[in-house]
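Sequence positions, counted from 1, serve as the residue numbers for this chain. First listed ligand is number 1; within each ligand, the first listed atom is number 1.
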Amino acid sequence: MANDRPNLTGLKSAGAPVISRPSKCDAMATIAAASAEMTPASASQDSWVQAKRNGRLMIALSCKLTSMRTKMLMLRIGRLEGCSAGRFYPIQAKGNFPLTACAEQRKLALKRPHASYVLGTMDTPDTSGRAAGFPGVGALKIRVWRLSDTCLPLRGPASKGDLRDFGFLSTIPGMSTLDPKRTVTELQELRALTTDGSTGGAMRVAWTDTWLRARDWLRETASGLPLEVHNDQAGNTWFTLRGKSEKELLIGGHMDSVPSGGWLDGCLNVLAGLEVLRRINDQYHGQPPVTVRLVDWADEEGARFGRSLLGSSACGGVNFVPDVERVRTDKDGIRLDDALRRCGVNIDEMRASHAEIKNAAAYLELHIEQGPVLESMDLPLGAVLGTFGVERHAIKFTGQAAHSGSTPMDKRRDALAAAAKLALEIRPIAHKYGGVCTMGSVVTKPGIVTAVVGECDATLDQRALSASKLARMYKAAQKASNVFAKEEKCAVSWSRIWNIEPILFNKDLIKMCYDSCVEVSGQPAHKLPSGPLHDAAEVSRAGVPTVMMFVQSLHGISHNPIEDTKIAHIEMSVRALDRLADKTIAWILK
Ligand SMILES: [Zn+2]
């Protein structure tokens, strides 16, 4: 039997039988009591039976009886995603089924539970086509993949002969109330609310009035959901949707930005997470199988006091010492602990926020990539393997300051020459170990145009995902600096500024993240490390299974008003995060 290609058919009429919500994340919809509503007339007239709950999710089903001779039942199923604005998407798939094949389908379907079939349990209708003659419709089960609108491969249950005819079911878009367009609208709203008029950049620097306004707006935006909302002792805001299990799925991001920052960094994560919460709330009528929480971390950027990941590190508990932090000051001389107190946070109590993650079973974070890798590969999404470890050192080369006119070239002890050689040598070193190395600052003394450089203070920042490679990269740079110092008749000394070990994300979650990216984008994804640090690193260090998802950044630029991502990619990232949340809930329950 030929399969009908998915097509678009308008909605014809409305009825209102009861239909259950999808009971599982891949949307097993049990159409209950539909038969009660189906008159013979409507059944034979190919009318639509609509089902609707909470004004959001709709599934349409139509049955058409043709002659008993052919024993054909034409069934249409599709999704009507009714937005709150009252828009409806048209039906997107249809097909024909021989009733005689139902028993066989059912057997095969049970063997292959992850394929998409109509499970025919209905009896053959009698010649009159009366509703009583087709009681099975009342127990008809329809299983569909939740696929995104952007991913509609015609995936039949391949190699099963006739069953290929039913493959169209897998093209049915997800019965989801997720509305990624709403996320884009909310991001634009936030941008308008918190943008500096002169630069066009976001001004949500943590512990400032604009940041507080952004957080109030977030609470307001989430207020339609049955969530428990509170700030913890570290100033992180938690939005909790209680589930049947105490185990928690956490989704995180940060509303704060750098001064004159971009419109997506941090807040995309939060607002995408909010949209996923809405969908989960809808799907499970406010009680998902596990507790789902959105967290807005306080002061991820460290833009004002130079201390990144403040709220998440206090919560993670691994890397936070109040006495080290309290004395930091901003450019106006205001102390960190005073600025926090103004926002209701007592620095000595911040570590108590660790209690928030005692039931955390998994942590997910979506983020713009902030780099050029995905764009260069022409891929929208990527799964993040972990965050780079960092070795950060100050390097001092000491030679001899001397007159630029009277000192012959072969008699010089030029500290800059040694530093410059190292600045070039770190490139092959980075390449060899698959990391990145940056000499970000070079200061020379005496630093005048007529003197050979006597002292050169440089900084070296080295990052890699593997701890052993990072260590070897560091050693190689040290060795090279000794060689160059000797060549230039200088001395060299190193002192560590800061270091952090690499954080590797959870293997299972990385795989689920990768799969979600592929399934939603319909393209390959990429697995990549994160160069910048993120709150996810602190959560992972605290022992919570963690993964991040990246969405492509245009031109790889961030922390800048021109930071941008294609709207289609933003929407795709919301869908992919949603899909990952689904997979993660199932994983937590396993
Ligand atoms: Zn960020």
Side-chain angles (χ1 to χ4, degrees), residues 183 186-187 190-191 194-195 201-208 210-211 214-215 218 234-237 250-274 294-316 319 363-375 381-388 390 463 500 503 505 513 528-541 546-565 569-570 573-574 576-577:
T183 307
E186 286 170 351
L187 284 163
L190 178 67
R191 178 185 215 171
T194 57
T195 291
M203 297 302 291
R204 299 182 300 272
V205 176
W207 321 109
T208 65
T210 311
W211 176 66
R215 294 189 120 194
L218 177 65
N236 307 307
T237 308
L250 309 184
I251 303 174
H254 59 95
M255 293 297 276
D256 73 306
S257 73
V258 296
S260 204
W263 72 299
L264 299 169
D265 180 358
C267 52
L268 165 64
N269 338 5
V270 176
L271 292 170
L274 179 61
L294 174 67
V295 53
D296 167 27
W297 299 109
D299 202 355
E300 190 269 355
E301 300 285 4
R304 185 168 163 195
F305 294 99
R307 196 334 178 162
S308 305
L309 315 181
L310 190 67
S312 57
S313 66
C315 181
N319 182 29
Y363 175 80
L364 310 177
E365 187 172 331
L366 167 68
H367 207 287
I368 51 167
E369 183 200 340
Q370 303 180 288
V373 176
L374 291 173
E375 189 182 41
L381 299 169
V384 183
L385 296 164
T387 55
F388 276 156
V390 182
R463 304 183 184 215
I500 186 173
I503 310 287
F505 291 151
C513 180
L528 69 170
S530 170
L533 285 167
H534 292 286
D535 293 310
E538 292 293 349
V539 184
S540 181
R541 286 218 278 178
T546 293
V547 76
M548 290 185 76
M549 179 185 289
F550 276 169
V551 59
Q552 188 192 102
S553 287
L554 287 173
H555 317 298
I557 291 174
S558 184
H559 286 190
N560 187 309
I562 66 165
E563 166 190 289
D564 208 1
T565 291
H569 288 175
I570 294 175
S573 72
V574 179
L577 179 68

Under 2.8 Å from the Zn ion (ligand 1), can any N, O or S atom of Asp265 be found? yes
Can His559 and Asp265 be said to form a side chain to side chain contact (heavy atoms under 4.5 Å, CB included), step by step? CA-CA 8 Å; His559 286 190; Asp265 180 358; 3.0 Å; yes
Using a distance threshold of 2.8 Å, state whether an N, O or S atom of His534 lies below it from the Zn ion (ligand 1). no
Evaluate the side chain to side chain contact (heavy atoms under 4.5 Å, CB included) criterion for residues Asn269 and Ile368: first the C-alpha distance (whole Å), next the side-chain angles of each, then the deciding distance (0.1 Å), finally the verdict. CA-CA 8 Å; Asn269 338 5; Ile368 51 167; over 6 Å; no
Thr546 vs Arg541, test: side-chain hydrogen bond (donor to acceptor under 3.5 Å, both in side chains). Steps then yes/no. CA-CA 9 Å; Thr546 293; Arg541 286 218 278 178; over 6 Å; no
salt_bridge(Asp296, Arg215) N-O dist < 4.0 Å: yes
Which N, O or S atom of His254 lies nearest to the Zn ion (ligand 1), by name: NE2
